[in-house]
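Here's the structure, in C-alpha cells; my notes come after.
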Amino acid sequence: MNNKQNLIALVSGLLFGLGLSVSQMIDREKVIGFLDVTGKWDTTLMFVLGGAVGVTLITFRFILSLKHPIFDKQFYLPKRNDIDAKLILGAMIFGIGWGISGFCPGPAITSLVQLNLNPIIFILAFIGGSFTFQFLTQSKLSK
C-alpha cells in the first residue's frame, strides 16, 4: 500500500469506528439485546442493519461498474461463492462467539477505547482462535 491508500484506509477505519460508536454497536448489552430474539428483543439495531444494507444495495452497483477502485488498480473480491462445511463451521463459531460476547471484531476493536476488560478478552480470544486455526490448517496441509 502506498501513502495515499494508507491514509484512505485510516480515514475509512475512523469513519467506520465512529459509525459503530454512534449506532451503539460497541455496547455489548445492546448487541446481546438485539440477538436475544426469544427474550426481551431490542430492535433498534435493525435500523443500523437496514441502513448498511440500503447503502450497499444502492452504491455497490455503481462502484462495481467502474473499471477499478478510485485508489487502486483492481477490485479484490472473493472468487469462491460455494458453501462448504468449513464455511458453515466457521460461521457457526463466529455467531456463537458473537452471541456469547456481544462483540464482533469491528465493534470489539472500536470499544477498546472504553478501556473495559470485556473487549480486551474478546480480542485476545479472537487472536488466539485465529492463530489456532492457522496452526491446525497448516499442520494438516504439511502432512
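All residue numbers in this chain count up from 1 along the given sequence.
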| Cluster question for you: counting only ILVMFWY and a side-chain heavy-atom cut-off of under 4.5 Å, with indirect links fine, are F16 and V53 together? | yes
| task | Please tell me if the side chains of V31 and L35 come closer than 4.5 Å, counting only heavy atoms from C-beta onward. | result | yes
| field | Qualifying side-chain hydrogen bond (donor to acceptor under 3.5 Å, both in side chains) pairs with a residue from residues 93-113, counting only residues at least two apart or across chains | value | none
| side-chain hydrogen bond (donor to acceptor under 3.5 Å, both in side chains) partners of residues 80-93, not counting sequence neighbours, each pair once | R80-D82, R80-D84
| request: Could you grab the distance from atom CZ of R61 to atom OG1 of T59, nearest 0.5 Å is fine? | output: 11.5 Å
| Which atom pair, heavy atoms only, marks the closest approach of F62 to S65? | O-OG, 2.5 Å
| said: Applying side-chain hydrogen bond (donor to acceptor under 3.5 Å, both in side chains) as the test, list every pair that has at least one member in residues 43-54; sequence neighbours left out. | reply: K30-T44, D42-T44
| Pair L64-L77, side chain to side chain contact (heavy atoms under 4.5 Å, CB included): steps then yes or no | CA-CA 10 Å; L64 293 177; L77 299 172; 3.9 Å; yes
| said: I'd like to check F94 versus P105 (side-chain heavy atoms, cut-off strictly below 4.5 Å). Are they in contact? | reply: yes
| said: Testing the basics here: between N116 and P119, what is the closest heavy-atom pair and its distance to 0.1 Å? | reply: O-CD, 3.4 Å
| Is it the case that one hydrophobic cluster holds both L49 and I26, taking links as side-chain heavy atoms less than 4.5 Å apart, direct or via other members? | yes
| said: With clusters defined by side-chain heavy atoms of hydrophobic residues (ILVMFWY) lying less than 4.5 Å apart, directly or transitively, does I127 cluster with I120? | reply: yes
| Can you tell if the side chain of I70 reaches within under 4.5 Å of the side chain of I8, non-hydrogen atoms only? | no
| request: Taking the side chain as every heavy atom from C-beta outward, state whether L124 and I121 have any atom pair closer than 4.5 Å. | output: no
| message | In this structure, would M46 and L57 fall into the same cluster of hydrophobic residues linked by side-chain contacts under 4.5 Å? | response | yes
| Roughly how far, to the nearest 0.5 Å, is CG of N118 from CD1 of I123? | 12.0 Å
| N3, CG: over 12 other non-hydrogen atoms inside 6.0 angstrom | no
| query | Rounded to the nearest 0.5 Å, how far apart are CD1 of I109 and CZ of F126? | reply | 6.5 Å
| task | Kindly compute the distance separating CD1 (I100) from CZ (R28), expressed to the nearest 0.5 Å. | result | 10.5 Å
| Hey, any chance F122 and I93 share a hydrophobic cluster, counting ILVMFWY side chains that come within less than 4.5 Å of each other, even indirectly? | no
| query | Got I63 and F75 here, is their nearest side-chain heavy-atom distance under 4.5 Å? | reply | yes
